[in-house]
Structures are given as structure tokens and as C-alpha cells.
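Working notes, beginning with the structure itself.
All values below come from the heavy atoms of this structure, side chains included, with hydrogens, waters and symmetry mates left out. None of these values were measured; they are calculated from a predicted model. Order of the sequence lines fixes the chain letters, A, B, ..., with proteins taken first and strands second; residue numbering starts at 1 for each chain.
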Number of protein chains: 2
Amino acid sequence: MMGPMSDAPWMHRLQTDAGYLLYRLGQRSGSLFNAALEQHGLRLRHHAILRYLATVDGARQRELADRLGYDPSAVVTLLDDLQRLGLAERRADPADRRNRIVVLTEAGRELLRTADSDSRRVTDDLLQPLDAADRATLLALLRRLAEPIS
Amino acid sequence: MMGPMSDAPWMHRLQTDAGYLLYRLGQRSGSLFNAALEQHGLRLRHHAILRYLATVDGARQRELADRLGYDPSAVVTLLDDLQRLGLAERRADPADRRNRIVVLTEAGRELLRTADSDSRRVTDDLLQPLDAADRATLLALLRRLAEPIS
DNA sequence: AACAATGATTGCTGTTGTCAATGATTGCTG
DNA sequence: CAGCAATCATTGACAACAGCAATCATTGTT
């Protein structure tokens, strides 16, 4: 209905700024993810925690905060939600009673399977303009950009 | 202090999801921009409006909302801010009195020059891991992704 | 035994994204 | 031309979220 707008004059300033594009695309990505996860009662950040837990099997809350880049206080409420949904549990750490060791429940592992395929669909949708080779290139570049953080 | 983490096992699930990477990088990009613009009393969204106005010279508020992807109500308060700072003005549209035509003031145009160089610095910082060729590739890919929206 | 450091938690504050509702204005249509 | 739907800007409310400071229990150090 509007045609390609890469050549529209008003575009030049905003569209040639990779930082701004990342910001905008990140927003869109986030809202798509949240929409897809809504049916499970989860949001993007819950899902990220579940995915992280699936790879390490047992993480301190501090570790979650560091690795995922969330504030420790945010982790608290996110875990409250996951625990209330029966998807994750906090266990005592016999070695250091300050720590809470978070693990996936079987229900959590189960839900992760379907939620994962949902979010894969979102990523597919997001990357639709690109073919497989371009997607691989983009992913490689993004990973290099993300390396400095977590 | 930590070394490259592309190979750490816990990474695989999160780091191989381009959608999630976009989300995280978008967050980081946004906060860097906001930090850089803070000295001017602006936030990222103000700056985006100023930049858009610089290219079109006179835009209805609805046009700003559509093109930049903001809610019309958000545009109202953003313009209130810009107007209070003397950077933009709302003018009457003789053709249709429902419309407010927003234009840059001279001060706005002036500030945009220094703010632009600030934000260029942010993008440079963000893209530091990539050389010039890779940056060009990334920008091209991001533009293709962003085309469907605005 | 005293003290600094750490992990989880609570609380608060400002920003942001969304949505619904309203008032003014315009264009359309019978 | 009278009424009605659509459009634009605006206001208001609300959940989500980031960021920060303060607190409590626990651990390690000296």
C-alpha cells in the first residue's frame, strides 16, 4: 500500500543510524515476543530465565541477574511469578545459605518446549525479509555486538 | 576478565536467537542514546522527532506518530517538552483546523547539530566490535528488517 | 569479636507502552 | 442541509520496566 520507502527522503536521517534502528527493531521484537508468550502467562523476561535455566540446571539468582542483565530486584519478582506458575523452584544452597538455587520444574521444562517453538515463530516472522544466508550473517554480527554485555 | 563467551555452553539457547539479541541490543542502544542526550535535556524519542522534523519541515502530529511508531498521546507530551524547550512549535493548519503542524525552531535546528554528533558517537561506540565493512553489512540488513514498519 | 562484603529482598521513582474516552473539526451521505 | 461517521489532538488511567537506595541474613576476613 505504501511501497518500499528506502528511498523516501525523510528516511535518510533515521534509517541510516544503526543505533536507532537497533532500538526500534528491539522494541518491535520485544512486543512480538510478549504477544506470543501471553498465552502461557509469561513475558519475554520470564522466558529468558526459563531458557537460561534449561541450559545450566541450577543457577543462583545473582547469576541470573548478571547473565541476563536484569536488576536483582527484578529477578525476585520474575521468579515469584515462575514459582507461582509452578515452572521453577528456589532451593536452598547447603554450601552458602545466602544463595537461592533456582531450578526448572518438570512443568517448566515441558512448557519451555512449546514456548520455544512459539518464539522461534516470532523470530522467523521478524526475519522474514531476509533469506537464510542473510539471517546467518545478521545473527553472526549481532552476536559479536552482544558479546561485550552478556 | 571474562574472555570471549561465544563458546560458553549456557550461551547457546539465548545467543542463537536473533529476536532476543535484537531485543537486548535495542535496550542497550536506547539507554546509551538516552545517556548521551541527557545533557541536552532530551531523550531518545525527542531526538527522533527533531531529526524527523529536520527532514520534512512541517509535519502533522499524526504523521509523527505513524512514522515514528509512537502513540499519538505520547507525541503530545513529547511535543510539550520540545515546545517548552523552545525547540519546536505547533502551528495552525489553515487547511484543516484539526491538525497541528509541527515545525523546528531555529534553536531546534541548532541543537540538532550538536545532538546529532553526540548520537553518532553512541552508534560508533555500539558498533565498535565491527569494522567498517561489517557495519555497512549490518546497517543494510537492519534497514531491510525495518522496512515493514516505518 | 568486629567488620566488610555478598545475596536476596523490599520499596520507591520516573519512564514507557497501551488503551479507552473526550472534544473539536471535517467529510460524507441521504 | 442535517445528521453521522471518521479523523486529529488531547487527557487520563494502568501495567510494565529500569534503576536506585535501604534492609536483612549470611559469610569471610582480620
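For the pair B:T105 (side chain) and B:L87 (backbone), a donor-acceptor distance under 3.5 Å is present. Side-chain atoms of A:R43 do not come within 3.5 Å of backbone N or O of A:N34 as any donor-acceptor pair. With hydrogens and angles disregarded, a donor-acceptor distance shorter than 3.5 Å links the side chain of B:R135 to the backbone of B:L130.
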Intra- and interstrand pairs of DNA chain C - dot-bracket, Watson-Crick/G-U under 3.5 Å, | marks other strand: ||||||||||||||||||||||||||||||

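Separating the CG atom of B:D93 from the P atom of D:dC8 is a distance of 11 Å, rounded to the nearest angstrom. Between the P atom of C:dT16 and the CG atom of B:L68 lies a distance of 14 Å, rounded to the nearest Å. The CZ atom of A:R67 sits 13 Å away from the P atom of C:dG7 (whole-angstrom rounding). Taking atom OH on B:Y70 and atom P on C:dC19, their separation rounds to 17 Å, with Å as the unit. Following rounding to the nearest Å, B:D96 (CG) and C:dC28 (P) show an atom-to-atom distance of 12 Å. One can place CG of B:L42 at 17 Å from C1' of C:dG14, the figure rounded to the nearest angstrom.
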B/S/- contact track for nucleotides 9-17 of chain D, protein heavy atom under 4.0 Å: SBBB---SS

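For the salt bridge (charged side-chain N to carboxylate O under 4.0 Å, His left out) test, no residue two or more places apart in sequence or in another chain qualifies with B:D125. Looking at residues two or more places apart in sequence or on another chain, you find no salt bridge (charged side-chain N to carboxylate O under 4.0 Å, His left out) involving B:D93. In terms of the salt bridge (charged side-chain N to carboxylate O under 4.0 Å, His left out) criterion, residue partners of A:E89 (sequence neighbours excluded) are, by chain and number, A:R91.
One finds a side-chain N or O of B:R97 lying less than 4.0 angstrom from the OP1 or OP2 phosphate oxygen of C:dT26.
Here the straight-line distance linking atom CG of B:L127 with atom OG of B:S29 works out to 8.5 Å at 0.5 Å rounding.
The hydrophobic cluster containing A:I101, built from Ile/Leu/Val/Met/Phe/Trp/Tyr side-chain heavy atoms closer than 4.5 Å, also comprises A:V103.
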